[in-house]
Each structure stands twice: as C-alpha cells, then as structure tokens.
Amino acid sequence: MTALELSRRIKSGELSVRDALDALYTKIDACDERYRCYTTVSREEAYREADEVQRRLRAGELDDAPLAGVPVSVKDNICTKGILTSCSSKILSNFKPAYDATVVERMRKAGMVVAGKLNMDEFAMGSSTETSYMHLTKNPYNTDCVPGGSSGGSAAAISSGEAILTLGSDTGGSIRQPAALCGAVGMKPTYGSVSRYGLVAFASSLDQIGPLGKSVKDIAMLQSLICGHDRRDATSKNTEYPDYSAKLRNNLNGLKIGVPKEYFGEGIDSEVKDAVMKA
C-alpha cells in the first residue's frame, strides 16, 4: 500500500492510525532481526502520537493533509525530540534531543507519526552502512550485499516493507545510491529547498534532507510537505515552492533526458553503461 492510499483509508474510517502502526510494527518485529534497518523503534511515543492524530482527524483538523496518519521513519542523524538520535555512533548512544528538526516538525503538524530511527553510516561517513557502530544493515533483495549508504537503513526499510515513507540525508549520493541499490524511490532535493535545522551536519554546504518511498507520487507529496523557507537555516531559500505532485505526468512523451557524457568515459563497466543507455 502506498502512503497516499493508506492515508485515504485512514480518513475514510476503514483503518485507524493505530491499525497502521500495528501493521508496521508487526512487519518490523518479523523482519528487522534479519535486515537491521532500525536503530530505535519508538513504539510508546508513536502510539501516543497516533491517538492525538486520530483526535485531530475526527475534529476535521487534517482534512487537507494528504499524508495524515501515515507512519514515517527517520534517518538517525535527524533530530527527534525525546527520541534517541545517535547518528549510529557510540559517541551519541544516549543523546535524546530537546527539539525536533524542522522537517520533523512539519511532518508532525501534517499528522504524520514518527515510528522510529533508521541505521546509517556513522555520522553519514560512508556509502554502504557498514561503518555504523550499531550493526550492519542488509540489502533485503540479497542479504550478502550492502544496501548502500549512508542512508542504507532508510532505503532498506522501504524495500523490506518495514517503512512506508522515510527520510534520509544526501551529501554526495547518500539518498540516491541506496535507493538505487534497494529498488526504492529516493531524491536529493535542490540545496536550500529543505531546512537543515536539526540535521547533524556532515558537510553543511552539501547536506540535504530528502524523501524515500515506494512511489514517485508519495515522495512528491512528502517533498511538498518538508520543503519551504526556515529562518533557522541561513541557507534556506525564501521563495514559493510548487505542489510537486501536481507536476507529475502519466508518461514521459515529449521530454528529453540529458546525460552528461563525462559520466560514461573510461573506467565505467560496460554492463553498467549498457543498462543505463538501454533505460
């Protein structure tokens, strides 16, 4: 089920927010010992938040929130108030922030529920999630393979069914590469479009928080939710942002894809080049 479909069913009364969490945690309990996507599963906080979201739904406060009731899991370098934010490091193994990152604030305001924190390369320094102090995350398609990184937990949780939507962070490919390795949809937004307030920095001039999910429409909706100017981030762009989901098309007719020729020079595996060109 996509995030949009889940939210529609919750709003119709077919499911409750607690039902969504029950199903998600059942899946995590069944799978995470094998794939190790999570560093923290925040059940108590999530169910408490779910009850408040259900109240807001009954009061009609979230009628215009397309992702209301949907659980979201967050990379462990994005601050979550009262929930462990370790950056997958022993150094921060007892750090519970006193505030939410701006992206988490915006998701909560829109009725999304934080279900837990996701494994990563320690302080986002890596591209395989093998440098995590906590544990290794496995690729759900082949547990002998890495899920990519540093947002490996964020991508693997999508493809294993242990998350519906996730947030990662991307400095030089840390959302896009694990999304590719795990068969998820991931995007690094344009720098400055999403606030970095509450993101533990790796390289401030490059870091950007971004969405991962099962479908392009889901991450377009989440991107529309988390983007926008934030006075607490000096690099945040103060401009009007579109409804990204309204820009989606049913086909690619009439569009051209630009391919930088320098990416396909000496040293690239022919198998990789042929697959990209075929696509």
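One-based numbering along the sequence shown.
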Does the [X] side chain pair with the main chain of [Y], one donor and one acceptor, at a distance under 3.5 Å?
X: Asp269; Y: Glu271; value: no
X: Ser151; Y: Ser169; value: yes
X: Arg106; Y: Gly228; value: yes
X: Asp218; Y: Ala3; value: yes

- Message: Test side chain to side chain contact (heavy atoms under 4.5 Å, CB included) on Ile83 and Glu45; report intermediate values, then the result.
- Response: CA-CA 8 Å; Ile83 300 173; Glu45 296 88 350; 4.2 Å; yes
Determine whether the side chains of [X] and [Y] contain a donor N or O and an acceptor N or O closer than 3.5 Å.
X: Tyr38; Y: Ser73; value: yes
X: Ser236; Y: Asp230; value: no
X: Arg196; Y: Thr235; value: yes
X: Thr39; Y: Lys117; value: no
X: Thr2; Y: Ser215; value: no
X: Glu122; Y: Ser88; value: no
X: Ser132; Y: Asn119; value: yes
X: Asp19; Y: Ser16; value: yes
X: Lys75; Y: Ser154; value: no
X: Asp76; Y: Ser86; value: yes
X: Tyr47; Y: Asp22; value: yes

- Item | Chi angles and distances behind the salt bridge (Lys or Arg N to Asp or Glu O under 4.0 Å) call for Glu14, Arg8 | CA-CA 9 Å; Glu14 183 181 345; Arg8 280 196 292 266; over 6 Å; no
Ion pair [X]/[Y], N-O distance below 4.0 Å:
X: Glu44; Y: Arg48; answer: yes
X: Glu5; Y: Arg9; answer: yes
X: Asp51; Y: Arg56; answer: no
X: Arg232; Y: Glu105; answer: yes

- Item | side-chain contact (heavy atoms from CB on, under 4.5 Å) partners of Asp121, counting only residues at least two apart |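 So Asp121 forms a side-chain contact (heavy atoms from CB on, under 4.5 Å) with Ser128, Thr129, Thr131, Ser150.
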- Task: State the CD-CG distance between Glu130 and Leu136, to the nearest 0.5 angstrom.
- Result: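 Output value for this atom pair is 6.5 Å.
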- Task: Please round to the nearest 0.5 Å and tell me the distance separating atom CG of Asn139 and atom CG of Leu181.
- Result: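 If I round to the nearest 0.5 Å, the distance is 6.5 Å.
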Considering non-hydrogen atoms only, spot the tightest contact between [X] and [Y] and give its length.
X: Phe202; Y: Asp207; result: N-OD2, 2.8 Å
X: Thr171; Y: Lys188; result: O-NZ, 3.2 Å
X: Leu62; Y: Leu57; result: CB-CD2, 3.9 Å
X: Cys37; Y: Asp32; result: N-OD1, 2.7 Å
X: Val113; Y: Ala46; result: CG1-O, 3.5 Å
X: Gln177; Y: Gly148; result: OE1-CA, 3.1 Å

- Query: Considering only heavy atoms from C-beta outward, does the side chain of Val74 approach that of Thr166 to under 4.5 Å?
  - Reply: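 Side chain of Val74 against side chain of Thr166, heavy atoms only: no contact under 4.5 Å found.
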- Should the heavy atoms of other residues, nucleotides or ligands under 6.0 Å from CZ of Arg249 be counted, would the total exceed 12?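 Yes, because the 6.0 Å sphere around CZ of Arg249 holds more than 12 heavy atoms from other groups.
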- Item | Ring center gap for Tyr99 and Tyr197 short of 6.0 angstrom |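 For Tyr99 and Tyr197, the ring centres are under 6.0 Å apart.
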- Item | Leu15 reachable from Leu165 in the ILVMFWY side-chain graph, under 4.5 Å edges |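 Same cluster: Leu165 reaches Leu15 through Ile, Leu, Val, Met, Phe, Trp or Tyr contacts under 4.5 Å.
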